[in-house]
Amino acid sequence: MNDSADSAPGRIVLLTTSHRVAPGLLSWPAWQALRAADRVLCADAGHPQLPYLREAGVEVEHGSATARELVDFCSTGRRSAVVLTSAEGESALTDGLARLAGSGRETMPALELLPGSYDLPGARLLDLVQVMDRIRAACPWSGIRTHEDLAKYALEETYELLEAIETGDREALREELGDVLLQVVFHARIAQDDPDEPFSVDDVAGVIVDKLIHRHPHVFGEESAQTPEDVRAHWMRTKDAEKGRESVTEGVPLGQPALALSAKLASRVRSQGLDVTPPAGDGIGYELLALAVRAEAAGTDPETALRAAARTYRDAIRAAEGL
């Protein structure tokens with residue numbers, strides 16, 4: 001950049017925008033530069049900002065200019081030019097400007113790289129949706145997948161996420177969270193193609209946003225919650241009202257691992273204050289059930305506890321093998 005901007009003959013601004021931010025949401029400095037410019041250029045006739053610039057009365061030339069042309073233009077009468085960059089950037093222009101500035105024989109206009117918009121938190125999720133759209137349309141394998149085809153992968157990725165959490169591997173945790181997120185976006189993209197009841201990832205996000213707001217009246221409403229127990233009470237109360245359940249067992253998936261299933265049932269019983277003693281019977285199954293109920297009452301997840309013990313057992317086996 002040229003530090004002597006005030007004394008420079010004119011000004012060249014390279015205005016960058018983010019495809020992850022809705023077109024038209026430019027920063028105030030960007031709008032000031034556009035309105036004050038003597039010339040605004042954009043090589044991309046399909047640039048998403050163009051309709052909004054036209055609506056704002058900013059005249060844009062569709063085409064590109066060489067570094068020599070822009071320097072000559074801005075050096076005459078201290079004029080300013082704004083180049084609205086494309087998604088691929090303007091490498092030819094910037095390389096040309098760098099050569100002229102580095103020659104030592106040019107009195108250069110002030111050169112400025114101006115970000116017109118910045119990514120918001122979560123903006124890379126839009127990239128994921130865009131990439132998934134392209135893969136669904138162009139990949140022979142992904143293009144024909146169904147929810148049933150992917151079901152096993154959702155389970156596998158969840159278990160890999162659990163392992164990353166248990167081992168404390170931060171790099172693996174980041175990767176496995178991405179793999180689980182992919183399953184959500186992939187399923188939502190498949191659902192979008194349903195001929196009878198289509199929905200998109202936006203619909204999925206909308207449902208969970210509404211649910212979170214409704215189940216957190218102490219955050220978004222007038223309720224108060226001072227302890228985690230208060231929060232849980234709010235959550236269960238609103239959840240029961242939403243679902244209209246007749247039994248506390250409704251909504252407990254029977255397909256989950258047996259220890260987790262037992263603990264979930266025990267949790268429902270305890271939270272509702274029901275007086276239900278685990279049934280007694282012969283065999284290891286009833287013994288495991290009693291242990292799971294006892295663990296849940298003590299605040300221990302029996303599934304997690306057994307997994308930790310199993311990992312220790314695995315290490316002992318490897319030690320016995322001399323590994």
side-chain contact (heavy atoms from CB on, under 4.5 Å) between L70 and V83, worked out: CA-CA 10 Å; L70 281 184; V83 177; 3.8 Å; yes
Quick one: do E176 and D179 satisfy side-chain contact (heavy atoms from CB on, under 4.5 Å)? Show the steps, please. CA-CA 5 Å; E176 299 306 336; D179 289 342; 3.3 Å; yes
Check against side-chain contact (heavy atoms from CB on, under 4.5 Å), L53 and L26: CA-CA 10 Å; L53 298 185; L26 295 174; 4.1 Å; yes
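Once rounded to the nearest 0.5 Å, the distance linking CG of L125 with CG of L181 reads 6.0 Å. Taking CG of L15 as the start and CD of E112 as the end, the distance is 9.5 Å to the nearest 0.5 Å. Atoms CG and CD, from D169 and E175 in turn, are 9.0 Å apart once rounded to the nearest 0.5 Å. To the nearest 0.5 Å, atoms CZ (R79) and CZ (F73) are separated by 4.0 Å. Here the OG1-CG distance, from T85 to L41, works out to 12.0 Å after rounding to the nearest 0.5 Å. Between the CD atom of Q49 and the CG atom of L25 there is a distance of 8.0 Å, given to the nearest 0.5 Å.
Without hydrogens or angle criteria, D38 side chain to S80 main chain gives a donor-acceptor distance under 3.5 Å. Judged by distance alone, with hydrogens and angles left aside, the side-chain atoms of T300 form no donor-acceptor pair with the main-chain N or O of P302 at under 3.5 Å. Of the possible donor and acceptor atoms, one in the side chain of S117 sits under 3.5 Å from a partner among the backbone N and O of S18. Side chain of Q192 to backbone of A188: no donor-acceptor contact under 3.5 angstrom is found. S267 places no side-chain N or O within 3.5 Å of a backbone atom of A263 that could act as its donor or acceptor partner. At distances below 3.5 Å, not a single donor-acceptor pair connects side-chain atoms of Q272 with backbone N or O atoms of V269. Side-chain atoms of S142 never come within 3.5 Å of backbone atoms of C139 as a donor-acceptor pair (strictly under, hydrogens ignored). Side chain of D149 to backbone of R145: no donor-acceptor contact under 3.5 angstrom is found. Under a 3.5 Å cut-off, the side chain of Q183 and the backbone N or O of V180 do not form any donor-acceptor pair.
Cluster membership check: V185 shares its hydrophobic cluster with I190, using side-chain heavy-atom separations under 4.5 Å among Ile, Leu, Val, Met, Phe, Trp and Tyr. Clustering ILVMFWY residues whenever any of their side-chain heavy atoms sit less than 4.5 angstrom apart, transitively, puts Y52 in a cluster other than the one holding L114. By the rule that hydrophobic residues join a cluster once side-chain heavy atoms approach within less than 4.5 Å of another member, L177 and I165 end up as members of one cluster. Put simply, L162 and L306 are part of two different groups of oily side chains (I, L, V, M, F, W, Y) that touch within less than 4.5 Å, one to the next. Under a hydrophobic clustering in which Ile, Leu, Val, Met, Phe, Trp and Tyr are joined whenever their side-chain heavy atoms come within less than 4.5 Å, directly or via other members, V131 and W141 fall into the same cluster.
The environment of CZ in R134 is sparse: at most 12 heavy-atom neighbours from other residues, nucleotides or ligands sit within 6.0 Å. Remark: E321 CD is packed, more than 12 non-hydrogen atoms of other residues, nucleotides or ligands lying under 6.0 Å away. Annotation for D193: atom CG counts as buried by contact number, over 12 foreign heavy atoms lying within 6.0 Å. Other residues, nucleotides and ligands contribute more than 12 heavy atoms inside 6.0 Å of the CZ atom of F220. Within a 6.0 Å sphere centred on CZ of R294, other residues, nucleotides and ligands contribute 12 heavy atoms or fewer.
Comment: D119 does not engage R124 in a salt bridge, judged by the lack of any side-chain N to carboxylate O separation of less than 4.0 angstrom. The pair D72-R68 counts as a salt bridge, with a side-chain nitrogen and a carboxylate oxygen less than 4.0 angstrom apart. Checked for salt-bridge contact, E69 and R39 miss the test: no charged N lies under 4.0 Å from a carboxylate O.
Using the six-membered ring where Trp is involved, H187 and H147 have ring planes that are parallel, under 30° apart on the 30 and 60° scheme. Ring geometry for H218 against H216 counts as tilted: the plane angle lies between 30° and 60°, on a 0 to 90° scale.
Considering every non-hydrogen atom in both R268 and S271, the closest pair reads O-OG, 3.0 Å. For A65 against L93, the heavy-atom pair with the smallest separation is O-CD1, 3.8 Å. Between E106 and V71, the shortest heavy-atom contact is OE1-CG1, 4.4 Å. Of all heavy-atom pairs between L259 and L288, the closest is CD2-O, 4.2 Å.
For the residue pair D127 / H19, a side-chain donor-acceptor distance below 3.5 Å is found, with atom types taken as modelled.
By the 4.5 Å heavy-atom criterion applied to side chains, R307 and T304 are not counted as neighbours. With contacts defined as side-chain heavy-atom distances shorter than 4.5 Å, the pair Y286/P279 qualifies. Contact annotation: the side chain of H47 approaches that of C42 to within less than 4.5 Å [non-hydrogen atoms, C-beta and beyond]. Considering only heavy atoms from C-beta on, P109 comes within 4.5 Å of S75 through its side chain. Residues V58 and V40 are in side-chain contact: their nearest non-hydrogen atoms beyond the backbone lie under 4.5 Å apart.
Looking at residues two or more places apart in sequence or on another chain, you find a side chain to side chain contact (heavy atoms under 4.5 Å, CB included) between D202 and S200.
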